[in-house]
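All ligand and atom numbering here is 1-based and tracks the order in the structure. These figures come from a predicted structure and were not determined experimentally.
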Amino acid sequence: MSEPVQHNEEFDLVVIGSGPGGYVAALRAAQLGWKVACVEKYPSLGGTCLNVGCIPSKALLESSERYEETIHGLAAHGIRVGEVGFDLELMLKRKADIVKKLTVGIAQLFKKNKVTRFQGMGTIVGANQVAVTQADGVRLELRAKKILITTGSKPIEIPGVKVDKTHIVTSTEALSFSEVPKHLIVIGAGVIGLELGSVWRRLGAKVTVIEATDTILPGMDREIAKLAQKMFVKQGFVFRFQCRVQGAVAMGNEVEVTFTDGDGTQHTLVADKVLVAVGRRAFTEGLGCEQVGVEKDSKGRIVVNSHYETTVPGIFAVGDVIAGPMLAHKASEEGVACVEQMITGYGHVCNEAIPNIVYTSPEVASVGISEEAAKEQGVPYRVGSFPFIANGRAKALNQTDGMVKFVAHAETDRILGCHIVGARAGDLIAEVALAVEFGGSVEDIARSIHAHPTLAEVVKEAALATDGRALHM
Ligand code: FAD
Ligand code: NAD
């Protein structure tokens with residue numbers, strides 16, 4: 001390896017990784033007057049979220065939903081359409097164009113805010129030093145008063161199922177299939193399995209989901225998950241619960257997947273594509289944590305204190321690489337709180353108020369704890385729910401499936417959780433997240449004026465129902 005080249009400037013902050021944790025932290029620190037650098041190994045900024053996560057998946061979800069709505073949804077509105085088809089190449093191009101515009105947009109924001117960008121693999125070589133190994137092999141050394149690690153996550157692989165990126169794939173490849181699979185097997189009924197399963201099912205694939213537990217979206221409120229599950233089954237998803245995959249072998253253009261069910265009986269299924277979506281793990285390879293003493297927990301996540309500082313003073317970490325839900329908005333909020341804490345002495349994230357949304361149709365959204373978690377934690381609670389079917393706007397939209405459910409503290413009425421399955425659940429959860437952030441009660445929501453006719457009235461009615469006084473049921 002050639003001799004390292006010392007970069008002549010010293011930065012107040014060097015951020016490693018340019019995902020929603022890293023780029024937002026870099027921008028906020030620059031806004032607050034710090035001299036900031038951001039190191040990203042890929043040529044495109046924006047991390048998993050913009051390049052192979054949130055944004056491309058939502059672009060395809062939107063296109064495929066419009067296609068399905070045109071075929072199956074418009075007749076109910078009295079709209080007749082002729083032959084309906086789609087151009088997958090154009091759909092994928094539209095997705096790529098959106099990604100391009102947004103990632104280029106971050107580069108422009110960096111320029112505007114004077115964040116210096118370095119392309120290459122970042123390695124921490126000391127509490128105040130980051131080495132950047134560029135594609136041409138040149139190793140630059142940057143001096144930094146503080147370092148922020150935002151290196152994100154990577155998909156978890158399972159034993160016996162070797163991802164070959166052609167037949168056995170991760171979400172990254174499943175965002176770019178050049179043909180609609182005839183049969184797609186998804187391993188894992190979590191958020192990626194349901195979102196990307198929805199995309200390819202809508203476009204014509206048979207989708208079988210093999211899940212280790214007895215439910216979709218384990219961890220979500222059970223009543224809501226069960227209701228959502230029924231809707232997905234109605235749409236054509238086939239679920240195999242309590243099943244453990246033993247292996248997947250690609251043979252020609254097919255993959256044979258072997259798994260055992262809850263009774264221990266072995267089964268085999270054949271598909272042309274297998275999507276492994278069993279979760280993600282913190283990514284810290286090549287970062288140099290061990291060399292400088294940055295500790296990790298048993299799951300490989302970087303250990304931080306309440307100010308996001310690692311076990312090495314001056315080195316911080318936020319986003320998917322630390323504990324907590326792996327969500328873009330969580331990463332960004334932590335990034336902002338972390339640098340505000342460094343620079344102004346104050347910065348905070350309300351972990352109870354982080355919304356979680358599955359962008360299927362209908363959407364599934366939640367904030368706070370589930371009824372099961374309230375029970376497990378021994379918190380006195382009461383619940384209230386309201387169905388979309390009794391809402392005028394839902395009827396006008398012809399999207400009447402679903403419900404809103406509150407979990408409230410039985411004595412103080414404080415909102416402990418809210419869970420929604422139904423049209424635009426992802427937008428509806430925003431008011432509840434805000435109420436949780438303000439320490440609000442269910443009565444606060446029930447007494448707030450909600451415009452008529454809107455889907456938000458379902459949220460208000462569910463809040464009223466928690467006090468046993470829903471008006472339209
Ligand atoms: P990342 O976005 O993973 O960014 C880390 C960056 O660090 C990467 O660009 C990587 O190249 C870079 N890097 C790593 N190591 C180094 C190094 N040593 N040197 C230089 N650079 C390095 N979340 C949502 O909230 N909503 C969604 O709708 C959503 N949809 C998703 C869909 C899919 C298919 C996937 C996979 C994820 C989705 N997520 C979604 C999750 C979301 O993408 C992550 O939570 C988010 O990107 C985490 O941000 P981050 O900044 O921590 O890490
Ligand atoms: P996940 O944790 O949401 O779901 C994984 C599923 O796989 C779970 O249901 C789990 O029980 C199951 N599973 C685990 N091991 C298994 C095995 N061996 N066989 C069968 N099933 C098994 O993970 P994901 O869907 O891969 O998503 C990864 C992360 O990305 C999530 O943490 C999520 O936060 C994030 N993400 C978020 C969004 C969003 O916010 N809309 C979208 C996509 C991804």
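Among all protein heavy atoms, the one lying closest to atom 18 (N) of ligand 2 is Arg244 NH1, 3.6 Å. Ranking the protein heavy atoms by distance from atom 32 (O) of ligand 2 puts Met326 CB, 3.7 Å first. Scanning the protein heavy atoms around atom 20 (C) of ligand 2, the nearest turns out to be Ala212 N, 3.3 Å. Closest to atom 5 (C) of ligand 2, if we only count protein heavy atoms, is Ala277 O, 3.5 Å. Of the protein's non-hydrogen atoms, the one nearest atom 7 (O) of ligand 2 is Gly188 CA, 3.3 Å. Annotation: atom 11 (O) of ligand 2 to nearest protein heavy atom, Glu211 OE2, 2.6 Å. Here the heavy atom of the protein found nearest to atom 30 (O) of ligand 2 is Arg280 CD, 3.7 Å. Summary of contacts: the protein heavy atom closest to atom 16 (C) of ligand 2 is Val278 CG1, 3.4 Å.
Residue Glu195 holds the heavy atom nearest to atom 42 (C) of ligand 2 of all those in Glu195, His329, Glu157. Distances from atom 33 (C) of ligand 2 to the heavy atoms of Val191, Thr48, Asp214 show the closest one on Val191. Nearest to atom 23 (O) of ligand 2 by heavy atom, out of Gly426, Gly279, Gly190, is Gly279. Counting only non-hydrogen atoms, the option in Val209, Ile156, Ile192 that gets closest to atom 27 (O) of ligand 2 is Ile192. Of all the listed residues (Val186, Ile357, Asp320, Leu327), Ile357 holds the heavy atom that lies closest to atom 41 (N) of ligand 2.
Against a heavy-atom cut-off of under 4.0 Å, Tyr359 is close to the following atoms of ligand 2: 41 (N). Heavy-atom contacts of Ile210 reach the following atoms of ligand 2: 20 (C), 21 (N) (cutoff under 4.0 Å). Close contacts of ligand 2 with Ile187, meaning ligand atoms under 4.0 Å from a residue heavy atom, involve 19 (N), 20 (C). Near Pro218, meaning under 4.0 Å from any of its heavy atoms, are these atoms of ligand 2: 8 (C), 9 (O), 11 (O). Taking a cut-off of under 4.0 Å to the non-hydrogen atoms of Thr213, the atoms of ligand 2 that pass are 11 (O).
The closest side-chain donor-acceptor pair between Thr258 and His267, if any, does not fall under 3.5 angstrom. With hydrogens and angles left out, the side-chain atoms of Thr360 and Glu363 include no donor and acceptor closer than 3.5 Å. Between Glu40 and Ser18, the side chains place a donor N or O and an acceptor N or O closer than 3.5 Å (distance only, hydrogens not considered). Inspection of the Asp320 and Ser153 side chains reveals an N or O donor paired with an N or O acceptor under 3.5 Å. With 3.5 Å as the limit, one finds a donor-acceptor pair spanning the side chains of Ser44 and Asn51.
Between Lys58 and Glu62 there is no salt bridge, since no side-chain N of the basic residue sits under 4.0 Å from a carboxylate O of the acidic one. Using a cut-off of 4.0 Å between Lys/Arg side-chain N and Asp/Glu carboxylate O, Lys93 and Glu89 are scored as not salt-bridged. A salt bridge is absent between Lys146 and Asp12: the closest approach of a Lys/Arg side-chain nitrogen to an acidic carboxylate oxygen does not fall below 4.0 angstrom. Salt-bridge formation is detected for the pair Glu371/Lys405: a Lys NZ or Arg NE/NH1/NH2 atom is positioned less than 4.0 Å from an Asp or Glu carboxylate oxygen.
Leu196 approaches Leu275 most closely through the heavy-atom pair CB-CD2, 4.0 Å.
Aromatic pair Phe316/Tyr308: ring centres not closer than 6.0 Å.
More than 12 heavy-atom neighbours from other residues, nucleotides or ligands sit within 6.0 angstrom of CD on Gln266.
Distances from ligand 2 to the non-hydrogen atoms of Pro325 include no value under 4.0 Å.
Contact shell of ligand 1 (protein heavy atoms, cutoff 4.0 Å): Ile16, Gly17, Ser18, Gly19, Pro20, Gly21, Gly22, Val39, Glu40, Lys41, Tyr42, Gly47, Thr48, Cys49, Val52, Gly53, Cys54, Ser57, Lys58, Gly120, Met121, Gly122, Thr150, Thr151, Gly152, Ser153, Ser171, Ile192, Arg280, Phe283, Leu287, Gly319, Asp320, Met326, Leu327, Ala328, His329, Ala331, Tyr359.
Take Phe232 and apply the ring pair (Phe, Tyr, Trp, His ring centres under 6.0 Å) test, not counting sequence neighbours, and it matches Phe237. With sequence neighbours left out, the ring pair (Phe, Tyr, Trp, His ring centres under 6.0 Å) criterion links Tyr42 to no other residue.
Here ring pair (Phe, Tyr, Trp, His ring centres under 6.0 Å) pairs that include residues 145-180, with residues two or more places apart or in two chains, are Phe177-Trp200.
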